[in-house]
Visitor: 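This is the structure, below, for whatever I ask next.
Numbers here simply count residues along the sequence, with the first being 1.
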Amino acid sequence: MNFKKEARLLKQRIITAVILAPIAIAAIFFLSLPWLAAALLFVMAIGAWEWGPLMGFDNKRRRIAFVLGISAAIVALWMVLPPEQIWLQSADSEDTLNPIAIWVLSIASIWWLFTIVLIFNYPNFSDFWAKHRSVRGLFGLFILVPTWLAFLVLRSADINVDEFHGTRLLLLLFMLVWSADIGAYFAGKRFGKRKLMPNVSPGKTLEGFFGGNVSAAIAMVIMGLIFDWQSQQIIMAVVLALLISTVSVLGDLTESMLKRQAGVKDSGSILPGHGGVLDRIDSLTATAPVFALCYVMFGW
């Protein structure tokens, strides 16, 4: 029975992914920056709605208020930092990232470093933020708003030189996260014995974690061979793959920790086989700001 249930869930996950992946790819290819910003705002609003139960909200009024708060924060950032002005052209004709965007991405990356402390010490330090909804709301702010910006930073990179350069960056990010997710799933199913973080997510194993890392690294090596990268570029790409695949686990574990504290199994049920939108994008909310900051700092 369990095998049949797992097979059915896996089938649902695959069907949902087959439907959603082309939509996401089409959006980043064909939507203009303002329309992409609006579409991302809509996705983050759904994520904010699903964040309500993680804060202990048991009625729609409070959840709507949180959605409006997150949406207002994104709109305010949009007004201060329009998508077309995220990258500034310097005197030497090289684009530089707007300082506001750098600050937001840096704060988000520091936040994900801080989650390591929360995860490793859970539930020892959870009493404070579990009792104060405003703190959990701040967690949502640090996660959802920078994700919106990170996608736009990547999509608009070098857009005046190569319209689809940013699209390729986002596809690279998707490939890293998806390959890590797939590798972790099958490695965990086949070899998983030792628990990764049993207090946070009992289903995750060390074998699955390393399987995800290996899968992401192999995907990058294959890309390097296909596009004839130099050995130094391949090494840098593998390091990036290991970093992003590790950060993706942080995003997954953070949401699992919050759901466990709130007594919630899934953030929602809008996506068959995946749960809610947050369940599907939790890895991307962690990796997108870090990946964008790495691109700004080291280039690609």
Visitor: Which class fits the ring pair Phe164 and Phe29: parallel under 30°, tilted 30 to 60°, perpendicular over 60°?
Guide: tilted

Visitor: Val117, Val290: one ILVMFWY side-chain cluster at the under-4.5 Å cut-off?
Guide: no

Visitor: Do Trp111 and Phe139 have their ring centres less than 6.0 Å from each other?
Guide: yes

Visitor: Please tell me if the side chains of Leu149 and Leu77 come closer than 4.5 Å, counting only heavy atoms from C-beta onward.
Guide: yes

Visitor: Are any non-hydrogen side-chain atoms of Leu33 and Ile86 less than 4.5 angstrom apart?
Guide: no

Visitor: Do side-chain atoms of Arg155 reach the backbone of Ile28 as a donor and acceptor pair under 3.5 angstrom?
Guide: yes

Visitor: Does the side chain of Phe291 reach to within under 4.5 Å of the side chain of Leu243, using non-hydrogen atoms?
Guide: no

Visitor: Hey, are the side chains of Val249 and Leu196 touching, using non-hydrogen atoms and a 4.5 Å cut-off?
Guide: yes

Visitor: Can you check whether Thr246 reaches Phe209 side chain to side chain, under 4.5 Å on heavy atoms?
Guide: yes

Visitor: Should we count CZ of Arg168 as having more than 12 external heavy atoms under 6.0 Å?
Guide: yes

Visitor: Short question: side chain of Thr254, backbone of Leu250 - any donor-acceptor pair under 3.5 Å?
Guide: yes

Visitor: Quick check against the 3.5 Å criterion: does Trp51 have a side-chain atom that pairs as donor or acceptor with the backbone of Arg136?
Guide: yes

Visitor: Are any non-hydrogen side-chain atoms of Glu84 and Ile159 less than 4.5 angstrom apart?
Guide: no

Visitor: Kindly say whether Gln230 contributes a backbone atom to a donor-acceptor pair with the side chain of Gln233 at under 3.5 angstrom?
Guide: yes

Visitor: Run the numbers on Leu154 and Leu173 for side-chain contact (heavy atoms from CB on, under 4.5 Å), then give the verdict.
Guide: CA-CA 10 Å; Leu154 292 170; Leu173 173 61; 4.1 Å; yes

Visitor: For Thr96 and Leu88, indicate whether the former's side chain and the latter's backbone hold a donor-acceptor pair under 3.5 Å.
Guide: yes

Visitor: According to a hydrophobic-cluster definition based on side-chain heavy atoms being under 4.5 Å apart (Ile, Leu, Val, Met, Phe, Trp, Tyr only), do Phe66 and Val75 belong together?
Guide: yes

Visitor: Hey, are the side chains of Leu284 and Phe174 touching, using non-hydrogen atoms and a 4.5 Å cut-off?
Guide: yes

Visitor: So Glu255 and Asp279, do their side chains get closer than 4.5 Å, heavy atoms only?
Guide: yes

Visitor: Tell me whether Ser248 contacts the main-chain N or O of Ser283 through its side chain, where contact means a donor paired with an acceptor under 3.5 Å.
Guide: no

Visitor: Is the backbone of Trp112 close enough, under 3.5 Å, to the side chain of Thr115 for a donor and an acceptor to pair up by distance?
Guide: yes

Visitor: Do the side chain of Glu50 and the main chain of Leu278 share a donor and acceptor less than 3.5 angstrom apart?
Guide: yes

Visitor: If we ignore hydrogens and angles and just use 3.5 Å, is the side chain of Trp148 paired with the main-chain N or O of Ala37 as donor and acceptor?
Guide: yes

